[in-house]
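Here is the structure we will look at, set down as structure tokens.
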2 protein chains.
Amino acid sequence: MPVTTQRSEQASPVVNCVVLRVTSGLEVLLWQRRKAPEAGAWALPGGFVDRGEPLEAAARRHLLEKVGVAGVAHLEQLNTTSNACGPGDAWLIDTLYLALVPQGSEPRLPPDTSWHPVQELPPVAFGHESAIGLAHQRLSGKLSYSNAAFALMPERFTLRELADVYAAVLGTRVAPTHLGRVLTRDGVLEATGEQRSAGRNGGRPADEYAFQHEELVISRPLAAFRTLVGPAARR
Amino acid sequence: MPVTTQRSEQASPVVNCVVLRVTSGLEVLLWQRRKAPEAGAWALPGGFVDRGEPLEAAARRHLLEKVGVAGVAHLEQLNTTSNACGPGDAWLIDTLYLALVPQGSEPRLPPDTSWHPVQELPPVAFGHESAIGLAHQRLSGKLSYSNAAFALMPERFTLRELADVYAAVLGTRVAPTHLGRVLTRDGVLEATGEQRSAGRNGGRPADEYAFQHEELVISRPLAAFRTLVGPAARR
DNA sequence: ACAAAAGTGTTGTTACTACACCCATGG
DNA sequence: CCATGGGTGTAGTAACAACACTTTTGT
């Protein structure tokens, strides 16, 4: 941005997306490379950025064109790396995105593309396991202080279903009752008034809930200190 | 990173740094542009990235070369943007960094460079007020769930001094006692056993504290839920 | 009637906050 | 000895977690 007249080196900007969803467990979208390098390994969807194109637009474009994913409910930038490269190699500036796809949206995937459980990844190209790990970490954090789960859930759901999604991401058992109380108190959830019909084994029908907002909202801003003004405030 | 053989557009990667410190208030390091565009306006330190150079290295290099800042105690990537550009213009990929400089480190600044209170910024070039705001926000968050303040403080300090730094960043009054209890419980602070001599008006000498770690540590990982396993865990 | 699933009420526990009180120093 | 600044102890409160109990369904 210091627009000097000085000549500078040129790089190829690329975006890569860690697309996550939860079915029975947490899954990431990968496509299998046919050509070298890393032929046969699984890679994150992504590609080159067009000249002057916003990075987020590039991410959405590649998700749509390359793997047919339209239903991205949340897209968030993670980080950017400049890869080391020799004199002949291409110099890539790689921006990583986290994309969340809700349950129920079933994108039609091309044949080389499929979902993989994050717990048992196939061989991943370019050492991008760390990217998947970073995305997973970020998502775990967001679940605890925001309404990020809206982007993983269908419009309406039961507390049980919501707790299962939390459990899949966090790797802990999560109690539906507690989760519901906390998120309702924080103004994240609201009861729709509707109910689900009971399952085949009977049981009381579950109340249906929905998220109050369908964009990311920070529900607990400063975790540690509520006011912390203390007696000093009197003076 | 999908290294196809396809030709791609070329961009110039740049880094920009929001360098923050706290003296009496929160301050950001800016330098005044002489040349157009935006001559006279104040800009973030930064510049072009060398071919194959890691972004963080580029940030440190520009801080050292351009504004003489060596004592960066914490450096963290914020986000990356691809600026829109016409056919003739340069296409820049701009990665933003947050850098923290501790009290006591007094870098020798070049004449066009100086610290400015974040609360009353001069005219800032390229609309980078939002970048400063983003950095401020991120820092505020980090203070509440990590030991990030280590990068703003000298090695040893009193609880009062620490609370003043928190207050300057968060914009609230912060009670030294409470802050000390919370951070000690979390294993962030430790008493050195030393004491400060009293000020000129007398008063009890304050205990000296130091941070347990001099790199970023997340002191309270998941804010909302402690375990949340509930009765379901029994089954 | 009984099992299964879900929601409600209540209690225990933790930990943040406030405040009253005590300690140490300089003038 | 008193003002000033700093630390300690303790009580109030909010919120999370656990668990017993009730509600509502299917078989």
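A note on names: the letters A, B, ... follow the listed sequences, proteins ahead of strands, and every chain is numbered from 1.
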Nearest-nucleotide 5' precedence on DNA chain D, B:T158 against A:N201: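 Final value for this comparison: B:T158.
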On DNA chain D, more 5' by nearest nucleotide between B:D207 and B:G202 is B:G202
Measure [atom1]/[X] against [atom2]/[N] and give the value in whole Å, please.
| X | N | atom1 | atom2 | result |
| --- | --- | --- | --- | --- |
| B:Q195 | D:dG5 | CD | C1' | 13 Å |
| A:R200 | C:dA5 | CZ | P | 9 Å |
| A:E161 | C:dA5 | CD | C1' | 13 Å |
| A:H178 | C:dT11 | NE2 | C1' | 12 Å |
| A:E194 | C:dG7 | CD | P | 14 Å |
| A:F157 | C:dA6 | CZ | C1' | 16 Å |
| B:L179 | C:dT17 | CG | C1' | 13 Å |
| A:L159 | D:dT24 | CG | C1' | 16 Å |

Next item on the list: Dump the intermediate steps for salt bridge (charged side-chain N to carboxylate O under 4.0 Å, His left out) on A:R21 and A:E106, then the final yes or no.
Entry: CA-CA 10 Å; A:R21 72 164 185 185; A:E106 276 295 336; 3.1 Å; yes
### Task
Evaluate side chain to side chain contact (heavy atoms under 4.5 Å, CB included) for B:E161 paired with B:R196, printing each intermediate quantity in order.
CA-CA 12 Å; B:E161 291 162 357; B:R196 282 300 172 76; 2.9 Å; yes
Next item on the list: Report yes if at least one side-chain N or O of A:R160 is closer than 4.0 Å to OP1 or OP2 of C:dA5; otherwise report no.
Entry: no
On DNA chain C, more 5' by nearest nucleotide between B:D186 and B:T177 is B:D186
| Separation between NE2 of B:H116 and CG of B:L121, rounded to the nearest 0.5 Å |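 So the gap between those two atoms works out to 8.5 Å.
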Query raised in the report: Do you see a donor-acceptor pair shorter than 3.5 Å between the side chains of B:D94 and B:N83?
Result: no
Is it the case that the base of D:dT23 and the side chain of A:R204 share a donor-acceptor contact (distance under 3.5 Å, atom types as modelled)?
yes
May I ask you to verify whether the side chain of A:R181 and the base of C:dG9 hold a donor-acceptor pair under 3.5 Å? yes
Given C:dA24, D:dG7, C:dG7, the nucleotide with the shortest approach to the side chain of B:P205:
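Side chain of B:P205 sits closest to C:dA24.
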* Using the benzene-type ring in the case of Trp, are the ring centres of B:F150 and B:F157 under 6.0 Å apart? ->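 So the answer is no for these two rings.
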